[in-house]
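Positions are given from 1 along the sequence. What you are looking at is a predicted structure, and each value in this text was computed from that prediction instead of being measured.
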Amino acid sequence: MASRIGELVLGCRDPELLARFWCEVLDFVVLEREEGQWVEIGTPEGFGGPHPTLFFSRRDEPEAGKSRLHIDVNPTDRDQDAELERLLALGARRADVGQTGEEQWHVLADPEGNEFCLLKARINPL
């Protein structure tokens, strides 16, 4: 048997802020929290389901250097342009990492500046 990704851990200044943002982006719910220290979010099915959880751990100081891991998201019920507008309204902002403008994805940053990419839908929107 192989391993699977159970959770992705992100160090951050405000776990509650990022949990709210990513719950809205991914339609996740808060699964567990230790007030002021960490928040774990995931699908309503909870821990051990088909998707990894996101664990936001409080860090007073950001980690040195650029993160080598980022999240890619795909819209599930709308096209990429509509999802871009939704994410920007939730508090995401555009990020410039040297893209040419010809890419088929958008580089964004969450409220704490963590970069993520909005890809095109991989399934047909409803």
Are more than 12 heavy atoms from other residues, nucleotides or ligands located less than 6.0 Å from atom CD of Gln104? no
Kindly write out the residues that satisfy salt bridge (Lys or Arg N to Asp or Glu O under 4.0 Å) with Arg94, not counting sequence neighbours, or none if the list is empty. none
Connected via hydrophobic side-chain network under 4.5 Å: Val29 and Leu26: no
What's the spacing between Asp27 CG and Asp77 CG if we round to 0.5 Å? 8.5 Å
Heavy-atom closest pair (Leu119 atom, Pro75 atom, distance to 0.1 Å) is O-CD, 3.2 Å
How does the hydrophobic cluster around Trp38 look, that is, which other residues are in it when side-chain heavy atoms under 4.5 Å mark a link? Val9, Phe55
For residues 29-58, the salt bridge (Lys or Arg N to Asp or Glu O under 4.0 Å) pairs (sequence neighbours left out) are Glu16-Arg33, Arg58-Asp60
Indicate if Ile5 and Ile41 have the same hydrophobic cluster label, given that clusters are the connected sets of ILVMFWY residues with side-chain heavy-atom separations under 4.5 angstrom. yes
Glu103 side chain to Thr100 main-chain N or O, any donor-acceptor pair under 3.5 Å? yes
Name all residues meeting the side chain to side chain contact (heavy atoms under 4.5 Å, CB included) criterion together with Leu90; count only those two or more places apart in sequence or in a different chain, and write none if there are none. Phe21, Glu24, Val25, Arg86, Leu87
How would you list, by chain and number, every residue that makes a side chain to side chain contact (heavy atoms under 4.5 Å, CB included) with Cys12, sequence neighbours excluded? Pro15, Leu18, Phe56, Glu112
Can you list the steps and then say if Ile71 with Asp110 is a side-chain contact (heavy atoms from CB on, under 4.5 Å)? CA-CA 10 Å; Ile71 296 171; Asp110 72 16; over 6 Å; no
What's the separation between atom CZ in Arg59 and atom CG in Leu10, rounded to the nearest 0.5 Å? 10.0 Å
Is there a continuous path of hydrophobic side-chain contacts, each under 4.5 Å between heavy atoms, that joins Val39 to Leu8? yes
Taking only residues at least two apart or on different chains, which pairs with a member in residues 94-118 satisfy ring-ring contact (aromatic ring centres under 6.0 Å, His included)? Trp22-Phe116
Let me confirm one number: the CG-CG distance from Asp72 to Leu118, rounded to the nearest 0.5 Å. 9.5 Å
Do you know the tightest heavy-atom contact between Cys23 and Val30? SG-N, 4.0 Å
Once rounded to the nearest 0.5 Å, what's the spacing between atom NE2 of His70 and atom CG of Asn114? 11.5 Å
Rounded distance (nearest 0.5 Å) linking atom CG of Leu108 with atom CG of Leu88: 6.0 Å
Distance from Lys120 atom NZ to Gln80 atom CD, nearest 0.5 Å? 6.0 Å
